[in-house]
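Below is one structure, written out as structure tokens; comments come after it.
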Number of protein chains: 2
Amino acid sequence: MDRRSGIAIGALSRRTGCHVETIRYYERIGLLPAPARRGRYRLYGAADVARLAFVRRARELGFTLEEVRALLALAAEGEGACAEARELAAAHLADVRARIADLRAMEAALAEAVRRCDAGEAPGCPLIGALSGRAAPA
Amino acid sequence: MDRRSGIAIGALSRRTGCHVETIRYYERIGLLPAPARRGRYRLYGAADVARLAFVRRARELGFTLEEVRALLALAAEGEGACAEARELAAAHLADVRARIADLRAMEAALAEAVRRCDAGEAPGCPLIGALSGRAAPA
DNA sequence: GCTTGAGTCTGTAGTCGCTACAGACGGTAG
DNA sequence: CTACCGTCTGTAGCGACTACAGACTCAAGC
């Protein structure tokens, strides 16, 4: 299957948990280098596995593909790049926190609406009422 | 400006905080009905303002446009639809909570990485190290 | 040898919720 | 009458995939 030279895209997919189509997509946008080929088939080595795993972990932390691109470049630079990486992460962290705050506001409003639905207090549906602009009674 | 018959799209935009292009987009996808016209210009009445405000509030709660469509239909039905609206909201609430959980995991990992960067403990960048798959020391 | 089935290939189009034009037309103030 | 803003239609772009269609390659079983 991999006569000493590497693994096929399906094996890489299984190893990294990244869909085959997504791997090809990453290659197309230049996030992954064009790999070696055996015939028409892509052939991946250890460095490719590591790079894709890096991308996957960064994506799991919510970095955008452009940020991942920057992180990959910084990782290639080695030392020195730490301060820049820290900046990227800190900016992204602020973004994540803002999104959490937004979602928490949604959560509170939704939970309240559902609670009032369950209580069955007001005439009419409290959820639809709230969306229609009728303020909730205290 | 609005000789008794309604307001223009720009005024509707200002009143609802919804971009002009977005209003036209909502119309195109059938979320808003095609409004009356004065000449070539769209002309909106009170019902249009209310409907768009409803959409805006639902979007602020994070409902998808398809969910908003369903909510609008339920609102039009009046009573009886409350149980269904509740179901929609409860499902969406679960979704929001799942997203919050995801983001919190990201937040924790990012905050930890930034903290370890600041501590400057390990050799090399801890953030890049973590992305590269080198587990953080306890 | 021949077939079958899984895997892979390229290329294109769809998703969601907008956003950003281009290029033409309408209405009003100076 | 001209300048300028608002509005019109239509199309294309964004991010990050996802989902095909239709062709090919390869290894295994009969």
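In what follows, chains are A, B, ... by sequence order, proteins preceding strands, each numbered from 1.
- Here C:dG17 presents its P atom at 15 Å from CD of B:E60, a figure rounded to the nearest Å.
- The existence of a salt bridge linking A:E21 and A:R24 is excluded, since no basic side-chain nitrogen approaches an acidic carboxylate oxygen closer than 4.0 Å.
- Put simply, A:T22 has a side-chain N or O that comes within less than 4.0 Å of OP1 or OP2 on D:dT18.
- Residue A:R59 places at least one side-chain N or O closer than 4.0 Å to OP1 or OP2 of D:dC17.
- Not a single donor-acceptor pair under 3.5 Å links the side chain of B:R15 to the backbone N or O of B:V49.
- In this structure, B:E27 atom CD and C:dT19 atom C1' are separated by 17 Å, rounded to whole Å.
- Without hydrogens or angle criteria, B:R38 side chain to B:R42 main chain gives no donor-acceptor distance under 3.5 Å.
- Between the CD atom of A:E21 and the C1' atom of C:dC9 there is a distance of 12 Å, given to the nearest Å.
- Two residues are said to be in side-chain contact when any heavy atoms from C-beta on lie closer than 4.5 Å; B:L65 and B:Y26 meet this criterion.
- The side chain of A:H19 contributes an N or O atom lying less than 4.0 Å from OP1 or OP2 of D:dT18.
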Query - Per-nucleotide protein contact string for nucleotides 2-15 of chain D, where B marks a base within reach and S marks sugar-phosphate only (heavy atoms under 4.0 Å, - for neither) - result: ----BSSB------
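- Of the possible donor and acceptor atoms, none in the side chain of A:H92 sits under 3.5 Å from a partner among the backbone N and O of B:L110.
- Rounded to whole Å, atom C1' of C:dG7 lies 14 Å from atom CD1 of A:I7.
- In this structure, B:R115 pairs ionically with B:E112, as a charged nitrogen and a carboxylate oxygen lie closer than 4.0 Å.
- Atom CD1 in A:I29 sits about 8 Å away from atom P in D:dA16, given to the nearest Å.
- A:Y26 comes within 4.0 angstrom of the backbone, heavy atoms only, and of no base.
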